[in-house]
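Accompanying notes for the structure given below.
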Amino acid sequence: LGDVYKRQFNIELSLDAGQTALVEKLSESCKTRNGEMQWLSYEVQKLPIYPVPYNEEDWYSWGCENMGAKWVSTEEWHEYGMRVGFWRLLNTLKKRNVCSTLALNATVIDHYPETVEAAMNEKWEPMGHGYIQRPMHKVDNEFVDIKSAIEKINNFTKQEIIGWESPGLTETNDTLDILSDHGIKYVANWPIDDLPEDLKVKSGNRMITLPYPVEINDVVITSVQVHKSDEIFTRGKLQFDRLYQETDDNVKIMAISVH
């Protein structure tokens, strides 16, 4: 599937107690089967575990805008993530020579530029994730929101932005066409398969949807379903084993999402 597909053969892994256990288990499996840690994929990249994505989101602006006041609990939860959680994730991945994709609310650049700089220093790939944390059908002008987000991230990181994950995986009937017109080549909004799939856009350019997990996803597991932290390890191991059994027939992609 060309350069877009190849660029996703990195890994996003995640990291409280249960998440760290998953990293270590997959790392051990990789070393056993592949002899090195550069890629968590087997034979001819039969099962790449790729980075959709580490999500950096601007909930401060969303809270002030929607609550009309300081939304202390969510605001400080977010602050902890930027002050502590991000660096814990970064260091854990760095120790294992693992790259990630950074799904980025563009305004994070204003509030926490040091986190974006650190991710870029580790060769993470920047990915558009809205201008702020607002669903695409709720923005005042979708064209302006997408254009502004891509330009802001591009100007700061000095990298071409070719990937997009909408806040909340939301889209309107126009989202994909606007993204394509602004150089986006893949999205992570459509959890429909274990492989990339082509989407139709009016421009005629190629648009790919890459697998995005709603099951191996820390927000879903901890905040929505209220599981213990080791649930991501349990699910991750089961999904990995299932997909690996199927790789004799075709490549499979396992994605892990953390925020």
Side-chain angles (χ1 to χ4, degrees), residues 4 7 51-71 74-75 77-79 81-82 101-113 115-117 119-120 124-192 196-210 212 214 217 219-220 223 257 259:
V4 175
R7 289 178 68 176
V52 172
Y54 178 83
N55 297 272
E56 283 201 344
E57 300 171 348
D58 180 12
W59 284 86
Y60 174 79
S61 298
W62 187 94
C64 290
E65 177 182 292
N66 289 274
M67 303 296 285
K70 287 176 68 66
W71 191 10
T74 295
E75 180 181 325
W77 181 40
H78 171 273
E79 180 75 9
M82 293 299 193
T101 295
L102 185 69
L104 193 61
N105 286 166
T107 51
V108 171
I109 291 169
D110 297 325
H111 301 305
Y112 303 96
T115 63
V116 185
E117 290 176 353
M120 296 304 100
W124 291 19
E125 179 182 348
M127 179 188 196
H129 190 39
Y131 195 76
I132 68 168
Q133 187 63 17
R134 181 188 291 127
M136 301 311 298
H137 58 287
K138 295 290 187 180
V139 301
D140 294 332
N141 186 313
E142 191 174 15
F143 179 93
V144 171
D145 190 270
I146 290 172
K147 181 176 186 293
S148 299
I150 292 172
E151 288 181 352
K152 192 177 187 72
I153 298 170
N154 172 263
N155 289 338
F156 186 85
T157 64
K158 309 303 180 186
Q159 293 193 40
E160 180 186 9
I161 309 304
I162 64 169
W164 182 273
E165 177 200 357
S166 297
L169 309 187
T170 54
E171 290 186 2
T172 71
N173 291 333
D174 299 318
T175 304
L176 289 177
D177 293 319
I178 297 172
L179 290 171
S180 179
D181 290 342
H182 287 86
I184 297 299
K185 299 177 182 178
Y186 74 89
V187 295
N189 294 337
W190 297 63
I192 59 173
E197 295 290 339
D198 283 288
L199 301 172
K200 293 182 180 179
V201 290
K202 292 178 181 178
S203 67
N205 296 328
R206 192 171 193 189
M207 178 68 75
I208 294 173
T209 177
L210 291 175
Y212 180 87
V214 291
N217 184 312
V219 167
V220 175
S223 298
S257 178
H259 296 73

Is a side-chain donor-acceptor pair under 3.5 Å present for Thr107 with Asn105? no
Of all heavy-atom pairs linking Ile132 and Pro167, the shortest is O-CG, 3.9 Å
Verify side-chain contact (heavy atoms from CB on, under 4.5 Å) between Leu102 and Met120, making sure each step is shown before the conclusion. CA-CA 9 Å; Leu102 185 69; Met120 296 304 100; 4.2 Å; yes
For Asn155, I'd like to know if atom CG has over 12 heavy atoms of other residues, nucleotides or ligands within 6.0 Å. yes
Looking at Asp181 and Lys147, does any basic side-chain N land under 4.0 Å from a carboxylate oxygen? no
At their closest point, which heavy atom of His129 faces which heavy atom of Glu165, and how far apart are they? ND1-O, 2.6 Å
Run Tyr112 and Glu117 through side chain to side chain donor-acceptor pair (under 3.5 Å) and show every step you take. CA-CA 9 Å; Tyr112 303 96; Glu117 290 176 353; over 6 Å; no
Would Ile162 and Glu125 count as a side-chain contact (heavy atoms from CB on, under 4.5 Å) if you check the C-alpha gap in whole Å, the side-chain angles of each, and the deciding distance to 0.1 Å? CA-CA 9 Å; Ile162 64 169; Glu125 179 182 348; 3.7 Å; yes
Please report the shortest heavy-atom distance between Arg206 and Asp198, naming the atom on each side. NE-OD1, 2.7 Å
Please answer whether the main-chain N or O of Val220 pairs with a side-chain N or O of Ser223 as donor and acceptor at a distance below 3.5 Å. no
Verdict with supporting geometry, Glu160 and Lys185, side-chain contact (heavy atoms from CB on, under 4.5 Å): CA-CA 11 Å; Glu160 180 186 9; Lys185 299 177 182 178; 4.1 Å; yes
Assess whether side-chain contact (heavy atoms from CB on, under 4.5 Å) is satisfied between Tyr186 and Met127, documenting all intermediate values. CA-CA 10 Å; Tyr186 74 89; Met127 179 188 196; 3.8 Å; yes
Of all heavy-atom pairs between Asp177 and Val201, which one has the smallest distance, and what is that distance? OD1-CA, 3.4 Å
When you measure from the side chain of Ser180 to the backbone of Leu176, do you find a donor-acceptor pair of N or O atoms at a distance under 3.5 Å? no
Sidechain-backbone polar pair: Asp145 side chain, Asn141 backbone, donor-acceptor under 3.5 Å: no
Compare every heavy atom of Ala106 with every heavy atom of Ala149, then report the nearest pair and how far apart it is. CA-CB, 3.8 Å
Are Thr175 and Ser166 side-chain neighbours, meaning at least one heavy-atom pair lies under 4.5 Å? yes
So Leu169 and Val214, do their side chains get closer than 4.5 Å, heavy atoms only? yes
When you compare the side chains of Ser257 and Tyr212, does any donor N or O come within less than 3.5 Å of an acceptor on the partner? yes
Closest non-hydrogen atoms of Met136 and Ile146, given as atom of the first, atom of the second and distance, are CE-CG1, 3.7 Å
Got Trp164 and Ile150 here, is their nearest side-chain heavy-atom distance under 4.5 Å? yes
